[in-house]
Undergrad: 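Here's a structure for you.
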Amino acid sequence: MSGVQARLPITESFPSYYQHGWQSWSVTGWRPHGRPMRHPVVPAHAFQSTDPQRLSDTRVGGASVGAVDVTGDTITLLGSVGPDGWVALENEGMVGEGPGPWFEATGAEQAVFAAYAERLGETLGRRTGTPGPIWCSWYGLGRDVDEPSMARVLEGIDDLPFAIVQIDDGWQRSNGDWEANEDFPNGMRAIADLTASTGRTPGLWLAPLLVDSWSDLASRHPEMLLRDSLGAPIVAAANWGGPTWALDVRRADVRDWLGELVTRVVDWGFRYLKLDFLYAGALMSDDGREASYRSAVQVIRDAVGDEVYLLACGAPVVPSLGVFDAIRVGPDVAPYWDDVNRTRHLADRAGPGTADAIATSLGRLWLRSVIDVDPDVAFFRSRYCLLTRPQKQLLVDLAHICDFRATSDPPWWLDREERDEMERFLRSTPAIERKERFRFVIDGRDVDFGAVVEGRPW
Ligand code: 9PG
């Protein structure tokens with residue numbers, strides 16, 4: 001990334017700094033001033049936590065935007081209005097790195113973030129709406145998802161108002177070989193047809209920029225892989241039991257391949273695509289990587305047209321604006337509160353866990369005027385779930401605040417009362433009022449996320 005382009009001196013003392021994570025899962029929020037920047041110690045998790053170019057940067061900082069909280073409700077914000085940018089905290093103040101243009105403002109917190117979002121919307125574009133309630137397979141069926149279980153879901157949610165039924169990771173032969181595996185013996189068109197026949201929009205998960213090292217794509221097209229300066233493929237993820245590589249999205253053949261892939265998936269009948277691990281398209285070491293990422297995802301948008309709902313996940317945030325309909329704004333929720341071994345001991349708050357999913361998502365609500373924000377799913381089940389009732393309620397409240405309602409609970413895991421609760425969730429659109437940074441009134445009820453967020457480690 002290019003050198004310093006904006007300096008914003010801060011003379012007052014300030015209690016906290018707003019750190020904005022590089023991609024969907026990367027920790028975001030107000031961190032106490034004076035704590036050192038920590039990076040995860042497990043290399044395979046590094047790309048989930050921060051910009052790989054920034055792993056050796058010991059300054060406190062974040063992607064695209066930073067802010068300090070000067071007095072009471074007053075903040076000072078510095079943000080890039082282009083796809084590329086980094087804000088770091090130095091002794092004299094905030095420093096913006098990248099070509100900008102840079103936006104600066106001081107004032108009431110919500111107003112300043114709203115003004116920044118407005119500028120981003122003008123420059124990068126805006127797409128907002130609401131997808132309607134989503135049933136997503138991941139947090140219930142995981143990679144055991146198959147055709148019979150999806151048929152059982154469709155039957156079991158018969159009387160529930162889900163607009164979208166989305167198959168997550170587990171249907172593909174491998175990342176790169178985007179064909180149905182043996183768990184979907186009739187192919188993906190058949191399950192899309194079945195879904196559509198029940199009146200729901202068929203949704204599908206893909207990680208279009210990933211290539212498993214054992215995939216046919218990797219052996220047939222090694223030239224399409226993103227490589228380091230020594231020529232070795234860059235390991236972008238390790239979530240499938242071995243090294244997973246990335247496509248080099250700067251290549252014309254890769255862009256053609258991406259356009260053909262999503263065209264095929266839409267032809268199968270899917271109209272809601274959750275595109276995941278998108279940070280893999282911004283792992284090159286040159287300055288233009290956010291711009292390369294952005295033009296690659298634009299190829300996808302152009303191929304599917306405006307009618308297909310595109311949800312970005314694991315995605316660089318600001319570079320995704322204007323292209324996607326929605327973006328995941330935090331790490332994965334989980335049927336547990338906090339994985340302390342990972343969050344505290346490995347300094348990695350980008351992994352699955354409900355506490356950080358809530359904390360990071362709350363730090364990104366300001367994006368709502370330019371893109372739909374996905375806080376991930378809510379849980380209603382007690383089966384295979386360690387969350388307490390109040391913890392589950394926080395996820396429900398967060399979903400209402402985001403106006404993005406999803407769950408993964410297989411209907412046959414729910415007792416009568418849990419199912420009724422889910423139904424109430426899906427059918428309600430309560431009035432939301434934001435009182436303070438972490439305090440809301442939801443249909444007349446006070447909801448305070450302060451205790452959750454303030455207890456997280458930095
Ligand atoms: C499918 C999942 C789901 C989920 C995505 C993404 O760091 N990690 O250990 C890690 C685990 C899971 C993960 C991301 C990171 O989840 O967010 O909704 O689609 O992929 O594999």
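Counting starts at 1 for both ligands and their atoms, in listed order.
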Undergrad: Considering residues at least two apart in sequence or located in another chain, which fulfil the side chain to side chain donor-acceptor pair (under 3.5 Å) criterion with Asp372?
TA: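 Tyr309.
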
Undergrad: Verify the neighbour count for atom CD of Gln298: are there more than 12 heavy atoms of other residues, nucleotides or ligands below 6.0 Å?
TA: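 It does: Gln298 CD has more than 12 such atoms within range.
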
Undergrad: Mind jotting down which protein residues get a heavy-atom contact under 4.0 Å with ligand 1? Chain and number order, please.
TA: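 Under the 4.0 Å cut-off, ligand 1 touches Trp25, Gln48, Trp138, Tyr139, Arg143, Asp168, Asp169, Trp205, Asn239, Trp240, Lys274, Asp276, Phe277, Cys313, Arg328, Asp332, Arg342, Pro352.
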
Undergrad: Apply ring pair (Phe, Tyr, Trp, His ring centres under 6.0 Å) to Trp337 and list each qualifying residue two or more places apart in sequence or on a separate chain.
TA: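 In terms of ring pair (Phe, Tyr, Trp, His ring centres under 6.0 Å), with neighbours along the sequence ignored, Trp337 is linked to no residue.
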
Undergrad: Listing request: all salt bridge (Lys or Arg N to Asp or Glu O under 4.0 Å) pairs with a residue in residues 221-234, at least two apart in sequence or in separate chains.
TA: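 Listed by first then second residue: nothing to list.
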
Undergrad: State yes or no: are the ring centers of Phe277 and Trp240 separated by less than 6.0 Å?
TA: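 Judged by ring-centre distance (under 6.0 Å), Phe277 and Trp240 do meet the cut-off.
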
Undergrad: Can you find a side-chain donor-acceptor pair between Ser24 and Tyr279 that sits under 3.5 Å?
TA: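 No donor-acceptor contact under 3.5 Å links the two side chains.
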
